[in-house]
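Written out below as structure tokens is the structure these notes cover.
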Amino acid sequence: MRRLLLLISIFTFTLFGCASKKANKSIALFIPGICDNSPVYQMLRDGVEASVNEYNQKNDVKVKLFVMEAGTNQAEWSSQLTALTASNEYDVIISSNPSLPDLVLPILKKFPKQKYILLDATAEGNPNIYTVCYNQYEQSYVTGYIGGLFSKSHKLALIAAQEYPVMNEVIAPYFEKGAKAANNLSSVEFRVVGNWYDATKGAELSDAVIKAGVDVILPICGGASQGVITSCKEKGAYITWFDDDGFSKAPGVIISSSTMAQEKMSREITDKYLNDQVEWGKADMVGIKEGYINFVQDNPLYISTVDQSIRDKMAALIEDIKTGNVTIK
């Protein structure tokens, strides 16, 4: 009888102990940068927090969420992410940046049980990782296309914070491809700030390319973009904006905004995780057709800054991509 009671106790502890462990989920949100003045990371945080808050309101067992801002020094991201993983406190670490797979894969060799969900990134086939990327072939192409239509000098520039695979292999070449599709005389200068925060350097690079004849610039350089804005305001050049609706940042100077639905995606994928629906090892891509990339056409500043003829051509291109008549890649 004593042995039977012991077995029953062990079984009860195992059953309810495991169920409790499974129900109590913990999430770390790793921000590779800072949320202030970074709409992409603000949207990421807001989406994850909204999902967790909704889950906690509906369920007795609460989900723990920890948010870590890693700062703008990319050289420190790996060590910080390693330390976060080594704490062994979180069932999943959620983040968003094209560079994350290269940081995560070496960490998994030391901590093979950790799960990662990475947005705006691609890594397929690893059972510990799920990724979803935004179709930046499309986003870069349509941004280059309006730049090519708008430019009077047929000279454009892309000012990047740093070089990384998606920048070098997707964004830069497809921005140029779009510009040339709009006007085959278009050319694109490529400049690198070296970090995500140096507005002074951003302004210097912008000044230099404008002096060389560039009249449309795409800045993808975080806080350094403010320097590009200041330069273009002072020197009469124009800006195509990436990732959020940026028209209000420089009315009359910003000619386009392509946005990605980061908050929607981060909320949806967190919902999936909390309901055990993540397809680990899979790498998804979403774009204009799926509603996660949008070229803003209804902002009054777009309408007042860009001629009707150009807006008509952009509307036709976006519609063709939505319906599948045009495929960018």
Side-chain angles (χ1 to χ4, degrees), residues 39-40 134-160 171-190 202 206-207 209-210 212-221 225-261 287-289 291-323 325-326 328:
V40 171
Y134 304 99
N135 192 328
Q136 293 186 318
Y137 298 97
E138 294 177 350
Q139 188 178 13
S140 304
Y141 184 92
V142 299
T143 302
Y145 194 83
I146 189 169
L149 292 174
F150 193 92
S151 175
K152 299 294 190 291
S153 67
H154 311 309
K155 294 182 179 181
L156 298 83
L158 194 167
I159 298 180
I171 297 175
Y174 276 79
F175 177 67
E176 183 172 24
K177 189 174 182 178
K180 288 184 176 296
N183 189 315
N184 60 12
L185 297 177
S186 298
S187 63
V188 176
E189 297 289 330
F190 182 68
S206 181
D207 288 347
V209 295
I210 292 171
V214 167
D215 62 352
V216 175
I217 299 175
L218 167 60
I220 304 180
C221 46
S225 297
Q226 187 56 52
V228 179
I229 291 174
T230 300
S231 168
C232 288
K233 282 181 177 179
E234 293 175 351
K235 293 179 167 51
Y238 296 89
I239 289 173
T240 54
W241 197 255
F242 225 60
D243 289 345
D244 71 310
D245 189 335
F247 286 106
S248 63
K249 300 177 189 294
V253 172
I254 293 180
I255 63 169
S256 73
S257 291
S258 59
T259 68
M260 59 186 192
I288 291 173
K289 186 175 182 178
Y292 290 91
I293 296 289
N294 179 46
F295 182 82
V296 178
Q297 300 182 70
D298 58 356
N299 190 306
L301 290 171
Y302 172 63
I303 296 169
S304 63
T305 304
V306 179
D307 289 345
Q308 181 72 55
S309 60
I310 295 177
R311 287 187 277 122
D312 288 345
K313 291 177 182 178
M314 292 307 302
L317 174 61
I318 300 302
E319 185 61 25
D320 281 342
I321 295 173
K322 284 181 179 178
T323 58
N325 290 332
V326 171
I328 308 300

| request: Please report the C-alpha distance between N325 and E319 in whole Å, then the side-chain angles of each, then the deciding distance to 0.1 Å, and finally whether the side-chain hydrogen bond (donor to acceptor under 3.5 Å, both in side chains) criterion is met. | output: CA-CA 8 Å; N325 290 332; E319 185 61 25; over 6 Å; no

| field | Steps toward side-chain hydrogen bond (donor to acceptor under 3.5 Å, both in side chains) verdict (Q308, D312) | value | CA-CA 6 Å; Q308 181 72 55; D312 288 345; 2.6 Å; yes

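For the side chain to side chain contact (heavy atoms under 4.5 Å, CB included) test with V142, the passing option among L317, N294, I293 is L317; the others fail.
K155 and A212 get closest at one heavy-atom pair: NZ-O, 3.4 Å. In terms of heavy atoms, S186 sits closest to A179 at OG-O, 3.1 Å. Of all heavy-atom pairs between S257 and G246, the closest is OG-N, 2.9 Å.
Rounded to the nearest 0.5 angstrom, I310 CD1 and T305 OG1 are separated by 11.0 Å.
For an aromatic pair to be called close, the ring centres must be under 6.0 Å apart, and F175 with F190 fails this. Remark: aromatic rings of Y137 and Y174 are close, center separation under 6.0 Å.
Ring geometry for Y238 versus F150: interplanar angle over 60°, hence perpendicular rather than tilted (30 to 60°).
Sparse packing is recorded around NZ of K289, with 12 or fewer heavy atoms of other residues, nucleotides or ligands lying under 6.0 Å away. With a 6.0 Å radius and a threshold of 12 heavy atoms from other residues, nucleotides or ligands, K313 has its NZ atom at or below the threshold.
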